[in-house]
Amino acid sequence: MPSKKNSDIKDPSLAAAGKQRIEWAAREMPVIKLIRDRFAKEKPFKGIRIVGCAHITTETANLALALQAGGAEAVLCASNPLSTQDDAAAALVSYGIPTYAIKGEDQATYYKHINAALDIKPHLTIDDGADLGTTIHTKRTELIKDVIGCNEETTTGVIRYRSLEMEGKLRYPIIAVNDAETKHFFDNRYGTGQSTIDGITRATNVLWAGKTVVVAGYGWCGKGISMRAKGLGSQVIVTEVEPVRALEAAMDGFRVMPMIEAAPQGDIFITATGDKGVIDKSHLKVMKDGAILANSGHFDVEINISEMEKMSTKRRTIRTFVEEFTVADGKRHLYLLGEGRLINLAAAEGHPASVMDMSFANQALCLEYLVKKRGKLENKVYPVPPDIDAQVARLKLSAMGIKIDTLTAAQAKYLTSWQEGT
Ligand code: ADE
């Protein structure tokens, strides 16, 4: 068993509290439980070392325990400096899963943690944003020979791995777990939708009813956030760059306009685009006094924080996760939440366990798939095998006590024939 001293966490005495919360999350993760029970019997990861660079939460802990039950030597590190739950990290170490993650760690510590986790020389990696993979591809290339493959959890990471592939520099196979239907339809939409509102509410205690909420980006995350804000009585404005998505937002009943027009109208701004500079100097200049700015995209690049600083005479923390910027004219204050990092994980607990159950079931089954396909896959970004996606959906439905119809033989034939028409 790996030694406990091979970890870097905030406080080992938080382990008992973390274990209780991990058990609580497990109650909402029946699919992971089934997979864990099977892994415990079949040991698909015997002799396999796995590094997971993930948000260190109670849900991730349940995934790691399933991998450990399957015989893996698993080590975790944070995929974001502000998303770690220190009690979950302490519990993981007490379960014999070395963990390198401290909430609020600086950038140097963040990469020190990634490198420390990589020292086990992984066969499999789990990435959430591709920082682990880019570290391996640039600074730890000696590890590549041992890597069977990697699962990528999030949209931003899949984009980065695809760029690596397009430049011909990808050195091992990637499974785009994010792109599984049982991942992004639910995690990105309902998980981000609910937990983003939760994070902003916990940080500020704002009333959503009657507020004008500007949501930047109408991908699956933006759709979920807009839907939930509307449900709470906010008037939602969506900003987009892609015409089809903009049209979809308009037909879903939202006002759609460029950010420069939305900027003076919004009370709360939420970015979920995956791109940088979405809220920039020109927008900040025309925002109302009291505007609240939060980001739900993977990286802290969507709100131009250095411009916010430049245009302000004062920056102070007014509540936990709320910073007040006094704009130079002295007449306006802008409020930045969670340092512009993923607000759902910085100020709340990330996506609820029930949705992570499906995302992490995909993770677990795709890792098993990578082991089975060892040496047979090319250095490409692969989709999740459709039978894994269907299996996750079936298991989740069954856990929820929902039955569905099956096609009759005649119906199945009809769907694959062309003869019957008008
Ligand atoms: N990403 C979003 N929410 C998460 C959670 N609760 N655990 C791990 N990763 C997440």
Side-chain angles (χ1 to χ4, degrees), residues 18 21-29 31-32 50-67 74 76-89 91-92 97 99-101 103 110 117 125-132 151-158 176-180 182-200 202 219-225 228 270 272 274 294-300 338 341-364 366-367:
R21 290 204 317 111
I22 290 166
E23 279 174 38
W24 177 251
R27 294 187 61 83
E28 287 277 278
M29 302 182 82
V31 181
I32 281 291
I50 304 178
V51 171
C53 180
H55 300 296
I56 305 303
T57 65
T58 54
E59 293 74 29
T60 301
N62 278 294
L63 169 63
L65 290 170
L67 304 178
L76 296 179
C77 58
S79 63
N80 183 295
L82 211 49
S83 64
T84 298
Q85 297 171 1
D86 290 313
D87 59 347
L92 278 158
I97 299 173
T99 300
Y100 299 88
K103 189 172 178 103
Y110 175 76
T125 62
I126 299 172
D127 226 340
D128 190 330
D131 282 346
L132 192 71
N151 284 346
E152 173 50 57
E153 169 76 5
T154 199
T155 317
T156 295
V158 171
V177 166
N178 177 72
D179 296 356
T182 47
K183 199 278 182 182
H184 67 271
F185 281 178
F186 306 100
D187 171 314
N188 301 28
R189 181 170 30 176
Y190 304 116
T192 308
Q194 178 171 323
S195 62
T196 297
I197 302 287
D198 184 18
I200 297 172
R202 289 195 205 193
W220 289 102
C221 297
K223 286 186 193 24
I225 297 165
R228 294 300 178 238
I270 308 170
N295 168 50
S296 213
H298 187 79
F299 287 120
D300 60 342
R341 298 192 189 277
L342 281 165
I343 194 59
N344 59 337
L345 282 141
E349 292 170 66
H351 304 350
S354 177
V355 91
M356 295 313 295
D357 191 27
M358 286 185 279
S359 309
F360 286 166
N362 278 292
Q363 284 284 359
C366 287
L367 290 174

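Both ligands and their constituent atoms are indexed starting at 1 by order of listing.
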Min heavy-atom dist E153 to ligand 1 below 4.0 Å: no
Step-by-step salt bridge (Lys or Arg N to Asp or Glu O under 4.0 Å) determination, E59 to R21: CA-CA 9 Å; E59 293 74 29; R21 290 204 317 111; over 6 Å; no
Test item: N62 side-chain N/O and A25 main-chain N/O as donor-acceptor pair under 3.5 Å: no
Flag, side chain of S79 to backbone of H55, donor-acceptor distance under 3.5 Å: yes
L345, portion touching ligand 1 at heavy-atom distance under 4.0 Å: side chain
In Å and rounded to the nearest 0.5 Å, what is the [atom1] to [atom2] distance from [X] to [Y]?
{"X": "K183", "Y": "C366", "atom1": "NZ", "atom2": "SG", "result": "12.5 Å"}
{"X": "F299", "Y": "L342", "atom1": "CZ", "atom2": "CG", "result": "9.0 Å"}
{"X": "L367", "Y": "L67", "atom1": "CG", "atom2": "CG", "result": "6.0 Å"}

Is there a polar contact, in the sense of an N or O pair closer than 3.5 Å, between [X] and ligand 1?
{"X": "H351", "result": "yes"}
{"X": "T57", "result": "yes"}
{"X": "E59", "result": "yes"}

Numbered atoms of ligand 1 (with element) below 4.0 Å of E349, judged on heavy atoms: 6 (N)
Numbered atoms and elements of ligand 1 in range of T60, under 4.0 angstrom, heavy atoms: 7 (N), 8 (C)
Atom 1 (N) of ligand 1 [closest protein heavy-atom partner, distance rounded to 0.1 Å]: H55 CD2, 3.5 Å
Atom 10 (C) of ligand 1: nearest protein contact (heavy atom, Å): M356 CE, 3.6 Å
Ion pair check, D86 and K103, cut-off under 4.0 Å: no
